[in-house]
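Start at 1 and go down the list; that is how both ligands and their atoms are numbered.
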Amino acid sequence: MNLSLARLCLFALLILEIISGAAIYSLYKISSNEETDSKADLINASRSISVPITSLANTLRETATRIAQHPQTIRALKSGSESERIAQLENIRTFYPDANIQWALPNDTTTSIPLTPPLSVVYSRTMQDGRDELINNAAPALLTLTLAQPVMDPVNKAILGFVVINNRGVELQSIFKSLQMQNTFVELQQSNNNAPYSTLMRAGNSHLKTDNFQELKDLPGTAWRLAVWHPPMSTAKHVVSTFQEYLIVWLALSAFLCATIGGLYFFSKKYLAHDINTILTFFSDIRHARLRKTYTIKLTDIHPNFEIMYRLGKLMLGKHKQVSDFASIDFLSQTNNRRSFETKQSEVFKTLAEGWAHSLLILDIDNFKYVNDTHGHDAGDALIIQFGKALKEHLRGSDFIARLGGDEFCVIFPNTPLKRATELAERLREKMPSELQLKEGVMHKLHWSGGLSEYRKSDTSENMALARADSALLEAKRAGRNKTMLAA
Ligand SMILES: Nc1nc2c(ncn2[C@@H]2O[C@H](COP(=O)(O)OP(=O)(O)OP(=O)(O)O)[C@@H](O)[C@H]2O)c(=O)[nH]1
């Protein structure tokens, strides 16, 4: 996989992670909002209802206790006379006109009030209008709070009877009915000792009611409780509640992966790409037997090792230079090098005295610097390599080809007078390729200039023929390049 494809995959993974993370977060947010709405309704309801209920219960309890402990009450119940009990009841009613009070005797089997000590809040009957009014689930939401307080004989601690006190809780009902609950349905239910709970009041969104309530909230100090129905579970909440642990793990994993991928991406972009390119350039330079003065490496971990490699590279290139100086082949063009050119030239020069005629052609690629500057040094090298190869292909086996340096080549035509050499040079120009490939997708139109001369017996030094050819080459360049000139 190449680098950009890998980077694209990382990027796609990052986007996927962000999307899935955001989706899971939204699921949680939606489901927690639902819960918050329902909870707010419930808190609101219980807060509104529990304070008045508790204070009502307390008032009733205090009243009943005061009546039960009153000496006149004790006397009336102890006497066993009904007329005394009625008289005391009348008496009490003058003090507590709003209270609905009655006596119950320990052996009274007609009442359904469970007269268990000491004080109980029970589902019961009202005595307000003289008839029993049972409240059950089907009945209208009427509330009657009943308290029974035992009347004790202070002497032998026996229970003489009970003060039974009732309250319709009208105020409570109006509070309950005014509760605003969109997301919840609440019922106020009363404990009937072992009997099923009966519903006293209802409030909220009745559409939410199903067979079973989803939450119970006891109201402390009373026999009542709130039964609560929440809205049906949404898909979001359902998903969250079913896969909660997996979602949390995935969310954490997403965040971790995002951070890792993002970090890797940033890290590779900022440091690795640059460092890898530098190292590749370094190895390419080594391959071409050259080194730059500096290479910038950003990663401190790589830097020390790179320093060692750089020093080794320098050492190696030094050795390489020594070796290639002794060797005869130019490492780049794979033609003879300058050193072996000089040896050859000396050889042919010596034979001039014997009457042999030798010529030489010096060649220089036109605008070579432009290739280097435009397409890079590697492209320049490729041009040198291919130029050398083409020369070898189109010259005779007996011709001595050498690279003198840079983009400059020289051909010695042994045993070839200038006239014949001129023909050979012309033939070479015709045969050389018109363009060469520098790298993938980059073709270069090949132009070269040449200077031709002949070794002369009268020359005092071996290099004089080369100097003449060089002047002819200069002439060719001046005359507009891409031609071969004969030395004067
Ligand atoms: N790629 C590469 N470039 C080299 C090498 N040796 C020398 N050069 C470069 O070759 C260029 C030689 O350019 P010149 O021959 O002076 O100039 P030119 O652009 O060819 O122009 P003309 O010869 O006047 O047509 C310089 O920029 C050198 O740095 C080599 O081994 N490889």
**OP:** Output yes when R338 and D330 qualify as a salt bridge under the 4.0 Å nitrogen-oxygen rule, no when they do not.
**Re:** no
**OP:** Output yes when E187 and K209 qualify as a salt bridge under the 4.0 Å nitrogen-oxygen rule, no when they do not.
**Re:** yes
Are [X] and [Y] linked by a side-chain donor-acceptor pair shorter than 3.5 Å?
X    : Y    : answer
H358 : T416 : no
H447 : D366 : no
Y455 : E462 : no

Subject >> Charged tip of R429 within 45° of W448 ring normal and under 6.0 Å >> reply: yes
Less than 3.5 Å apart, N/O on ligand 1 and N/O on the protein: could you list those pairs with the distances?
unit_1	atom_1	unit_2	atom_2	d
ligand 1	1 (N)	N372	OD1	3.0
ligand 1	1 (N)	H377	O	3.2
ligand 1	1 (N)	D381	N	3.4
ligand 1	1 (N)	D381	OD1	2.9
ligand 1	3 (N)	N372	ND2	2.9
ligand 1	15 (O)	D407	OD1	3.1
ligand 1	15 (O)	D407	OD2	3.2
ligand 1	19 (O)	F368	N	3.1
ligand 1	19 (O)	K369	N	2.7
ligand 1	20 (O)	I365	O	3.3
ligand 1	20 (O)	F368	N	2.8
ligand 1	20 (O)	D407	OD2	3.1
ligand 1	23 (O)	D364	OD1	3.0
ligand 1	23 (O)	K477	NZ	2.9
ligand 1	24 (O)	R481	NH2	2.9
ligand 1	25 (O)	N367	N	2.8
ligand 1	25 (O)	K477	NZ	3.0
ligand 1	25 (O)	R481	NE	2.9
ligand 1	31 (O)	R403	NH2	2.9
ligand 1	32 (N)	D381	OD1	2.7

